[in-house]
> 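Dropping the structure in here first, questions after.
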Amino acid sequence: MNDKRKQGLLVLGIVLIACNLRAPITSVGPLVPTIQGDTGLSGTWTGMITTLPLLCFGLVSPFVSRLGRRFGGPQAVFGGMVATVAGLVVRSYCGVWGLYLGTLLIGSGIAVSNVLIPSIIKEDFPTRAGTMMSVYTTAMSVFAAAGSGVSVPLAAGLGLGWKNALASLLVLAVPATLLWLPQLKGGAGRQGGGGGDLFQRMLRDPLAWKITLCMGSQSLLFYAIIAWLPSILLGRGVTVEQSGGLLTAMQLVGLPAAFFIPLLADRRRDQRRIADTVTALFAVGFLGLCFGRGLWVLTPCLLCLGFAQTASLSLALSFFVCRCRGGEETAAISGMAQSAGYLLSAVGPLLFGALFDWTGSWVAPLVFYGGIILLYAYTAHQSSKDVYLLDGGAEQ
């Protein structure tokens with residue numbers, strides 16, 4: 001196989017895997033009322049369906065670099081995809097216990113690619129890392145939106161029910177797994193993981209912690225809304241179908257950000273203007289979510305929020321490349337940020353549901369959400385400065 005064809009297959013493989021990194025999670029939110037009605041689960045326990053993948057991201061990510069060093073980055077990614085396929089089956093067809101076990105398998109499988117794909121991009125595309133990160137985040141965002149948009153039409157419109165609607169994501173996961181097979185040949189030499197000493201140095205670096213908190217806060221902002229926006233809007237006279245459409249539109253409107261933010265970040269040594277603009281959009285969306293009534297007010301505000309969510313993810317992932325000098329550093333900060341960061345974000349859907357159960361109102365959850373926006377504003381601004389990781393914090 002010539003080098004051009006091999007690299008083309010790698011690009012295709014990265015794109016297909018990116019399509020599976022958010023859709024299995026985003027597809028759950030619009031179906032939460034249906035799942036609750038069918039299973040009788042409380043708001044807290046239903047929130048766990050969205051929280052469990054984030055806990056997996058946090059708990060599994062520290063070990064992913066070790067898997068990459070031992071078995072090879074491509075081999076580890078393949079194993080993660082096999083776990084995702086198995087999880088999709090178990091989640092839909094093995095009862096209430098399978099709902100949680102399958103979600104654990106999905107979250108663990110996705111965690112592997114979350115950490116290793118940016119490192120593979122940094123190693124295999126050193127001069128085109130910004131472009132590849134654009135392709136990667138765009139594919140992830142497109143299918144995150146698709147997951148939210150098609151779940152209710154499949155479940156209710158086509159009469160498949162929520163179980164078959166969630167299982168339909170196998171049409172993405174199985175081809176992605178099979179088309180990654182060419183990467184396994186000779187993949188052991190491409191480790192995709194940084195050494196343990198490098199990871200320990202990251203733990204002592206203030207900039208690494210700012211990037212980690214930036215990753216965690218933007219992820220919390222995203223997953224809390226994905227899980228509970230339909231339920232919030234139901235209390236304002238918006239139907240399940242309309243809320244699912246809004247959730248899809250929120251993610252679709254951010255697709256230009258998914259593509260262009262990594263390119264802009266890669267071409268600038270300092271990304272603070274980008275970060276501050278994203279924060280302003282978060283503020284507009286948040287105010288609309290708190291005080292808006294009627295679709296004509298809610299829609300533009302939620303579109304601002306959706307653009308900010310996608311832009312914040314793209315910017316956070318770009319820090320893994322922009323703030324690092326090589327692939328090993330990228331793997332180390334990716335593992336750290338997606339471990340501690342996703343553990344932080346995991347409290348979002350769970351706490352949203354718990355606060356609502358305790359108070360019977362969305363006021364307390366939304367106050368919490370506003371506080372996380374402030375955390376994101378600070379950490380994104382600080383992470384955007386022209387400083388490399390492990391350089392002692394001195395601005396270049």
Side-chain angles (χ1 to χ4, degrees), residues 9-29 31 35 48-61 63-64 67-68 70-118 120 136 139-151 154-155 158 160-185 187 192 223 226 338 342:
L9 285 173
L10 176 58
V11 171
L12 178 60
I14 288 172
V15 170
L16 289 173
I17 286 176
C19 295
N20 290 274
L21 298 186
R22 294 297 179 269
I25 304 170
T26 62
S27 58
V28 174
L31 294 174
I35 294 172
M48 282 294 292
I49 302 170
T50 305
T51 299
L52 279 176
L54 308 183
L55 290 173
C56 290
F57 295 170
L59 296 173
V60 173
S61 293
F63 304 100
V64 172
L67 288 174
R70 181 170 181 180
F71 299 106
Q75 281 81 354
V77 169
F78 179 77
M81 287 304 304
V82 170
T84 301
V85 169
L88 288 170
V89 174
V90 172
R91 183 173 69 176
S92 289
Y93 301 121
C94 294
V96 173
W97 70 268
L99 188 61
Y100 294 100
L101 176 60
T103 301
L104 283 170
L105 287 170
I106 291 168
S108 299
I110 291 174
V112 177
S113 295
N114 276 343
V115 173
L116 292 181
I117 293 296
I120 290 172
Y136 171 67
M140 190 161 48
S141 299
V142 166
F143 282 87
S148 296
V150 304
S151 57
L154 287 176
L158 295 182
L160 296 181
W162 67 266
K163 295 179 181 180
N164 290 325
L166 292 179
S168 68
L169 293 168
L170 288 165
V171 302
L172 294 176
V174 172
T177 305
L178 295 176
L179 289 169
W180 190 253
L181 286 171
Q183 305 307 319
L184 303 185
K185 186 176 181 180
Y223 285 108
I226 287 296
Q338 298 194 65
Y342 278 121

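What you see is a predicted model, and the numbers here were worked out from it, not measured in a lab.
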> Does a side-chain heavy-atom distance below 4.5 Å link N164 with L154?
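Answer no - side chains too far apart.
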> Taking all non-hydrogen atoms of both residues, which atom of S113 and which atom of P118 are closest, and how far apart?
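Where S113 meets P118 most closely, the heavy atoms are O-CD, 3.9 Å.
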> Measure the CG-OG distance between L88 and S27 for me, rounded to the nearest 0.5 Å.
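These two atoms lie 8.0 Å from each other.
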> OG1 of T177 to CG of L172: how many Å apart, nearest 0.5 Å?
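The distance works out to 10.5 Å.
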> Report yes if some heavy atom in the side chain of V28 is under 4.5 Å from a heavy atom in the side chain of R91; otherwise report no.
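Heavy-atom side-chain distance check passes, below 4.5 Å.
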> For the atom pair CG (L166) and CD1 (I35), what is the distance rounded to the nearest 0.5 Å?
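Rounded to the nearest 0.5 Å, the CG-CD1 separation comes to 5.5 Å.
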> Closest approach of A144 and R22, non-hydrogen atoms and distance?
CB-CB, 3.6 Å
> Does some side-chain heavy atom of F57 sit less than 4.5 Å from a side-chain heavy atom of V112?
no
> Check the pair L67, L116 against side chain to side chain contact (heavy atoms under 4.5 Å, CB included), reporting the backbone distance first and the verdict last.
CA-CA 10 Å; L67 288 174; L116 292 181; 5.9 Å; no
> What is the distance from atom CD1 of I14 to atom CD1 of I117, rounded to the nearest 0.5 Å?
5.5 Å
> Can you name the closest pair of heavy atoms from G107 and C56 and give their distance?
C-CB, 3.5 Å
> Within the structure provided, determine whether P53 and T103 are in side-chain contact (heavy-atom separation under 4.5 Å).
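Contact flag for P53/T103 side chains = yes.
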> I'd like to check Y136 versus L21 (side-chain heavy atoms, cut-off strictly below 4.5 Å). Are they in contact?
yes
> Please tell me if the side chains of W180 and L10 come closer than 4.5 Å, counting only heavy atoms from C-beta onward.
yes
> To the nearest 0.5 Å, how far apart are CG in L9 and CG in L181?
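The CG atom of L9 sits 11.0 Å away from the CG atom of L181.
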> When you measure from the side chain of S168 to the backbone of A165, do you find a donor-acceptor pair of N or O atoms at a distance under 3.5 Å?
yes
> Are the side chains of V142 and C19 in contact, using a 4.5 Å heavy-atom criterion?
no
> Only one of V60, L55, N114 forms a side-chain contact (heavy atoms from CB on, under 4.5 Å) with Y342, so which one is it?
N114
> Would you give the length of the straight line joining atom NZ of K163 to atom CG of L31, rounded to the nearest 0.5 angstrom?
13.0 Å
> Do the non-hydrogen side-chain atoms of F78 and V82 ever get within less than 4.5 Å of each other?
yes
> Only one of V115, N20, T84 passes side-chain contact (heavy atoms from CB on, under 4.5 Å) with I110; say which it is.
T84
